[in-house]
Participant: 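Okay, handing you the structure first.
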Amino acid sequence: MARTVPVVGDPELRGPDRRAVWRRAFWAWAIVEVLRHTGMRVEEALELAHHSFVAYQLPTTGEIVPMLQVAPSKLDQERLLLVSPELGEVLTAIIHRVRRGQQTMPLVAAYDSLERLWSAPMPFLVQRRCGPEDRAIPRNYIYTCLNDALAASRLTGPGDEQLRYTPHDFRRIFVTDALRSGLPPHIAARICGHRMVDTTLGYAAIYPEDVINHHRSFIARRRSLRPSEEYREPTAQEWQDFLAHFELRKVALGVCAHDFGTPCVHEHACIRCPVLRPDPEQMTRLEEIHANLLGRLQEAKEQGWLGEVAAIEAGLAAAEQKLAAMRDLASRHTTVHLGMPDLRGVVARIDSEQRNEDAKGHA
């Protein structure tokens with residue numbers, strides 16, 4: 001008989017059962033987001049620690065770019081991954097949950113089922129509270145969280161069978177999205193820790209099997225004629241060009257998220273660009289631009305510049321949309337002042353209880 005998985009909002013869940021469902025739902029969301037934003041293997045994600053964060057300073061602008069240090073796993077190759085804003089929010093939520101208001105992360109030991117060794121106590125990110133102690137989350141618990149989340153979602157496949165996902169499926173999704181967005185295959189292979197580019201192409205769901213086979217035979221024929229230069233380890237200059245792409249993403253109103261190797265299709269009109277991530281700290285600047293557009297619109301209408309009117313109205317609509325996004329982001333990160341706690345009532349109650357105890361002692 002199939003096990004019925006309760007959903008988080010089930011009113012029949014009480015106490016420990018409800019907390020367990022919430023905990024499994026959180027870790028299902030967290031591991032899916034980490035894997036699909038990084039392309040890491042599940043064993044690499046489980047070994048992420050609080051010390052895995054590395055600050056890389058761009059040599060030209062001095063901007064600090066957060067990166068993740070991935071420990072050697074399958075191929076014994078260490079690598080660094082860029083932390084996107086979306087991934088940063090997920091990692092922040094994980095750290096906030098694990099710390100539970102403490103100043104530091106709990107130190108736990110993790111068991112490596114492949115090497116059959118226990119690690120030294122470290123501040124692993126993927127850990128949970130089990131009774132009176134903190135424990136590193138094993139791989140089988142991740143599978144349980146994913147299966148429970150899929151069962152609760154009631155998502156089915158073409159034959160009405162329940163969907164099944166493994167952590168490795170999200171690594172494939174990462175490679176597919178990266179190649180579709182224009183990332184060169186040998187750069188994607190470097191990020192994923194693949195020795196061969198053919199392995200990376202095999203992960204991409206956008207390539208049918210016959211296309212992959214044709215590509216491999218094509219590469220084999222070319223290599224028989226002369227050494228291949230297109231599919232190789234990236235040179236130091238290519239890797240620097242890849243990192244330099246992120247130096248150009250900082251603009252006045254926020255961060256431009258256009259894909260690597262793609263030009264600016266809006267001719268640097270950032271207000272109208274849908275891939276601009278607005279910075280709430282630049283709200284005053286955008287409000288000034290919005291007021292200036294209103295003045296230009298009035299002048300264009302008075303002069304009868306109908307083409308200019310249409311262009312300014314498009315810019316105004318985009319500016320209002322960006323302002324709404326900035327206000328929404330600002331409201332999420334607003335600090336709420338709770339005031340100083342009033343302890344006078346507590347002190348009075350303690351004094352009263354102490355006097356009662358003293359009176360009983362004298363009696």
Side-chain angles (χ1 to χ4, degrees), residues 8 15-16 18-57 62-73 78-142 144-146 167 280-281 329-330 332-341 343 346:
V8 174
R18 189 177 183 86
R19 289 194 294 270
V21 173
W22 271 106
R23 184 167 55 246
R24 289 196 297 269
F26 173 83
W27 284 114
W29 167 79
I31 202 67
V32 166
E33 290 296 301
V34 170
L35 294 180
R36 79 178 185 90
H37 283 301
T38 62
M40 287 191 294
R41 303 175 180 91
V42 63
E43 60 268 20
E44 295 171 341
L46 296 179
E47 291 179 352
L48 288 177
H50 205 201
H51 303 308
S52 300
F53 295 96
V54 177
Y56 174 78
Q57 186 174 8
E63 182 181 356
I64 302 298
V65 177
M67 307 188 80
L68 270 182
Q69 184 178 20
V70 180
S73 60
E78 178 184 322
R79 62 189 192 277
L80 291 175
L81 301 178
L82 289 165
V83 178
S84 63
E86 295 84 358
L87 177 61
E89 291 186 3
V90 177
L91 295 175
T92 301
I94 292 175
I95 294 173
H96 178 76
R97 180 182 181 86
V98 172
R99 285 174 57 181
R100 301 189 308 277
Q102 303 176 11
Q103 293 296 326
T104 58
M105 297 279 289
L107 302 180
V108 296
Y111 181 72
D112 192 326
S113 59
L114 300 178
E115 298 182 359
R116 298 183 179 181
L117 293 174
W118 285 92
S119 70
M122 291 192 297
F124 288 109
L125 298 184
V126 186
Q127 59 170 285
R128 63 189 178 103
R129 189 75 174 176
C130 295
E133 61 181 359
D134 297 292
R135 296 180 184 176
I137 291 180
R139 184 187 300 191
N140 58 354
Y141 183 79
I142 297 300
T144 300
C145 295
L146 291 178
E281 296 183 358
L329 290 173
R332 295 183 192 177
H333 302 88
T334 300
T335 302
V336 179
H337 182 65
L338 301 178
M340 293 297 294
L343 302 179
V346 178

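The chain is numbered in sequence order, starting from 1.
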Participant: Looking only at heavy atoms, which two atoms of V70 and M40 are closest? And how far apart?
Facilitator: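 Taking every non-hydrogen atom into account, CG2-SD, 3.7 Å.
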
Participant: Where is the tightest heavy-atom contact between A109 and W118, given as atom of each residue plus distance?
Facilitator: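 Minimum heavy-atom separation between A109 and W118: O-CZ3, 3.6 Å.
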
Participant: Measure the shortest side-chain to side-chain distance between D134 and R100 over non-hydrogen atoms and say whether it is less than 4.5 angstrom.
Facilitator: yes

Participant: Tell me, with the steps shown, if I142 and L46 meet side chain to side chain contact (heavy atoms under 4.5 Å, CB included).
Facilitator: CA-CA 10 Å; I142 297 300; L46 296 179; 4.0 Å; yes

Participant: So which atom in P106 and which in Q127 form the shortest heavy-atom distance, rounded to 0.1 Å?
Facilitator: O-NE2, 3.1 Å

Participant: Can you tell if the side chain of I94 reaches within under 4.5 Å of the side chain of L48, non-hydrogen atoms only?
Facilitator: no

Participant: Determine whether E44 and T38 satisfy the following criterion, side chain to side chain contact (heavy atoms under 4.5 Å, CB included), listing intermediate values before the conclusion.
Facilitator: CA-CA 10 Å; E44 295 171 341; T38 62; over 6 Å; no

Participant: What distance do L68 atom CG and L87 atom CG have between them, rounded to the nearest 0.5 Å?
Facilitator: 6.0 Å

Participant: For the side chain to side chain contact (heavy atoms under 4.5 Å, CB included) test, which of V108, L107, I95 pairs with P123?
Facilitator: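 Of all the options given, the one that passes is L107.
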
Participant: Quick one, L125 and V34 - any side-chain contact, counting heavy atoms below 4.5 Å?
Facilitator: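 The answer is no, as the side chains (C-beta and beyond) never meet within the 4.5 Å cut-off.
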
Participant: Taking all atoms of both residues into account, what is the closest heavy-atom pair of F26 and A93, and its distance?
Facilitator: CZ-O, 3.8 Å

Participant: Check the surroundings of atom CD in E86: do more than 12 heavy atoms from other residues, nucleotides or ligands lie under 6.0 Å from it?
Facilitator: yes

Participant: What class does the angle between the rings of F53 and H50 fall in, given that below 30° is parallel, 30 to 60° is tilted and above 60° is perpendicular?
Facilitator: perpendicular

Participant: Can you give me the closest heavy-atom contact between A110 and F124, atom names plus distance?
Facilitator: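 Reported closest heavy-atom pair: CB-CE1, 3.7 Å.
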
Participant: For R128, check side-chain contact (heavy atoms from CB on, under 4.5 Å) against everything at least two apart and list the hits.
Facilitator: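 R23, W27, C130, I137, Y141.
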
Participant: I want to check something: taking the side chain as every heavy atom from C-beta on, are V32 and L146 in contact at a cut-off of under 4.5 Å?
Facilitator: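 With C-beta onward as the side chain, the pair touches.
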
Participant: State, to 0.1 Å, how close V126 and A45 come at their nearest heavy-atom pair, and which atoms those are.
Facilitator: CG2-O, 3.7 Å

